[in-house]
Amino acid sequence: DSICERLLFRFSDLVVFPSAQALQISSNYYKLADSKTAIIPNGIDSIFHQSRPETKIADKAGKPLKAVFIYKNVLNSSGLQFLKRFMQSGEHKINIYIISETAGIIEGSRSVVEIIPPMSAEELAEFYKDKDIFLSLNEYDTFSISTAEAMASGLIPVVTQQTGISSFINNEVNGFTLEYGDTQTLGDILNKIYTMNRNDRSAIKKNAAEIYSTLNWHNISGLYSKQYIRLCGYKND
């Protein structure tokens, strides 16, 4: 893997990164000319935008928030550990739905934690309809397409600043960011969302969903096409 990586970085005409964070980390190991790099984020499937409830944002005053966390494999272990520390730190007005085949129940949590098996894109989009928050808590993540899909579905993202998609999030406008491992700030953010009135929470959900207008596959494929055209030396589309 190491040999292949060195060859790819050395001989590729263009290296595409999904986020500035990924490019920054790579630059610590490889010298890359600006002309050989591009930042193109991942695209969002239309199903997540199409199934977003436009008017069905229930007034949940006094009811626990519904938050989703996805654990796919060991690459998400840092986020799961962060979540466990937070859930064990006290009582929180939140229900956690962990989508995973392997993650175990969080012991010591005084909040509801439910393990949900992985779903198809269509099933996941439907599942998101009555959820409030999406948590992306990894110590590092190149982008997090899962967060983008959840945002398009109208969920409020709460992500670590070490996650690539954090560059698309404006605090308290379309989501929230925090430093990895900061359980106090995570609690403050969730409490802020919990105590918001219906209009304010709906506004953040709507703003979060607007990410689809930027990261839909029509736009993202266009960015790739422009790079191919540039590399091929074409002057006209």
Side-chain angles (χ1 to χ4, degrees), residues 18-19 40-60 63-73 75-76 79-80 83 94-103 112-138 141-160 163-170 173-177 189-190 193-194 196 198 200-224:
S19 66
I40 302 178
N42 295 323
I44 303 170
D45 289 341
S46 61
I47 184 63
F48 293 99
H49 177 69
Q50 293 169 354
S51 59
R52 182 176 69 89
E54 295 292 342
T55 59
K56 187 184 176 182
I57 297 179
D59 186 356
K60 300 180 180 180
K63 297 181 180 179
L65 297 169
K66 293 183 178 181
V68 179
F69 177 86
I70 294 180
Y71 180 87
K72 294 181 180 178
N73 50 48
L75 294 177
N76 306 115
L80 183 61
L83 178 61
I94 186 171
N95 294 342
I96 299 287
Y97 299 87
I98 301 178
I99 300 176
S100 175
E101 291 181 332
T102 59
V112 175
V113 179
E114 185 175 347
I115 307 298
I116 306 294
M119 295 167 268
S120 67
E122 291 76 11
E123 292 170 331
L124 184 59
E126 183 66 25
F127 177 76
Y128 280 157
K129 283 187 175 182
D130 68 339
K131 305 305 183 292
D132 304 296
I133 297 168
F134 186 86
L135 300 170
S136 183
L137 304 176
N138 282 348
D141 198 323
T142 56
F143 183 72
S144 183
I145 184 59
S146 298
T147 302
E149 292 170 345
M151 290 175 69
S153 298
L155 276 69
I156 299 173
V158 178
V159 310
T160 54
T163 300
I165 199 172
S166 63
S167 61
F168 287 88
I169 296 175
N170 187 355
V173 176
N174 67 341
F176 297 84
T177 63
I189 288 172
L190 295 178
I193 298 172
Y194 176 77
M196 280 181 179
R198 179 177 182 177
D200 289 345
R201 191 185 298 178
S202 297
I204 294 183
K205 284 174 171 279
K206 183 177 180 180
N207 291 339
E210 288 299 316
I211 197 170
Y212 182 78
S213 64
T214 300
L215 299 184
N216 62 75
W217 272 116
H218 175 76
N219 289 346
I220 299 304
S221 62
L223 296 177
Y224 275 102

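The figures here come from the full heavy-atom set of this structure, side chains too, leaving out hydrogens, waters and symmetry mates.
Rounding to the nearest 0.5 Å gives a distance of 4.5 Å between CD1 of Ile94 and CG of Leu190. In this structure, Ile40 CD1 and Ser19 OG are separated by 12.5 Å, a value rounded to the nearest 0.5 Å. A distance of 13.5 Å separates OH of Tyr97 from OH of Tyr128, quoted to the nearest 0.5 Å. To the nearest 0.5 Å, atom CD1 of residue Ile220 and atom CD1 of residue Ile44 are 8.0 Å apart. Atom CG of Leu80 and atom CG of Asn138 lie 9.5 Å apart (nearest 0.5 Å). Considering CG of Leu155 and CD of Glu149, their distance stands at 11.5 Å, rounded to 0.5 Å.
The shortest heavy-atom contact between Asn95 and Pro64 is OD1-CB, 3.8 Å. Closest heavy-atom contact between Ile189 and Thr177: CD1-O, 3.9 Å. The two residues Leu135 and Ile133 have their closest heavy-atom pair at CD2-CG2, 3.9 Å. Considering all non-hydrogen atoms of both residues, Ala208 and Pro157 come closest at CB-CD, 4.0 Å. Closest approach of Ile115 to Ala103, counting heavy atoms only: CD1-O, 3.8 Å. Residues Ala148 and Phe143 come closest through the heavy atom pair CB-CE2, 4.2 Å.
Between the side chain of Asp200 and the main chain of Met196, no donor-acceptor pair closer than 3.5 Å is present. Looking only at distances, a side-chain donor or acceptor of Asn73 sits under 3.5 Å from a matching main-chain atom of Leu75. Panel note: side chain Asn216, backbone Ser213; a donor-acceptor pair is recorded below 3.5 Å. Side-chain atoms of Ser136 never come within 3.5 Å of backbone atoms of Val159 as a donor-acceptor pair (strictly under, hydrogens ignored). Side-chain atoms of Arg201 do not come within 3.5 Å of backbone N or O of Ile156 as any donor-acceptor pair. Without hydrogens or angle criteria, Asn76 side chain to Gly79 main chain gives no donor-acceptor distance under 3.5 Å. Without hydrogens or angle criteria, Ser153 side chain to Phe48 main chain gives a donor-acceptor distance under 3.5 Å.
Side-chain contact between Tyr71 and Ile99 is absent, with no heavy atoms from C-beta onward closer than 4.5 Å. Between Pro118 and Lys72, the closest side-chain pair of non-hydrogen atoms is not below 4.5 Å. A 4.5 Å side-chain heavy-atom check between Phe168 and Leu215 finds at least one atom pair inside the cut-off. A 4.5 Å side-chain heavy-atom check between Ile98 and Val113 finds at least one atom pair inside the cut-off.
Annotation: cation-pi geometry satisfied between Lys131 and Phe127 (NZ/CZ under 6.0 angstrom from ring centroid, within 45° of ring axis).
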request  = Please assess Glu210 against Asn174 for the test side chain to side chain contact (heavy atoms under 4.5 Å, CB included), listing each intermediate value before the final yes or no.
outcome  = CA-CA 9 Å; Glu210 288 299 316; Asn174 67 341; over 6 Å; no
ask   = Hey, mind stepping through Phe134 and Phe69 against side chain to side chain contact (heavy atoms under 4.5 Å, CB included) and telling me if it holds?
value = CA-CA 6 Å; Phe134 186 86; Phe69 177 86; over 6 Å; no
query = How far apart are the C-alpha atoms of Ile169 and Phe176, what are their side-chain angles, what is the distance that settles it, and do they pass the side chain to side chain contact (heavy atoms under 4.5 Å, CB included) test?
reply = CA-CA 7 Å; Ile169 296 175; Phe176 297 84; 5.8 Å; no
ask   = Is there a side chain to side chain contact (heavy atoms under 4.5 Å, CB included) between Val173 and Ile204 once you walk through the steps?
value = CA-CA 6 Å; Val173 176; Ile204 294 183; over 6 Å; no
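Just one of Lys205, Lys63, Lys66 meets the salt bridge (Lys or Arg N to Asp or Glu O under 4.0 Å) condition when paired with Asp132; it is Lys205.
Under 3.5 Å, the side chains of Glu123 and Ser120 contain a donor-acceptor pair of N or O atoms. Between the side chains of Thr160 and Thr163, at least one donor N or O sits under 3.5 Å from an acceptor N or O.
Between Tyr212 and His49, the ring planes lie parallel to each other; the angle is under 30°, not in the 30° to 60° tilted range.
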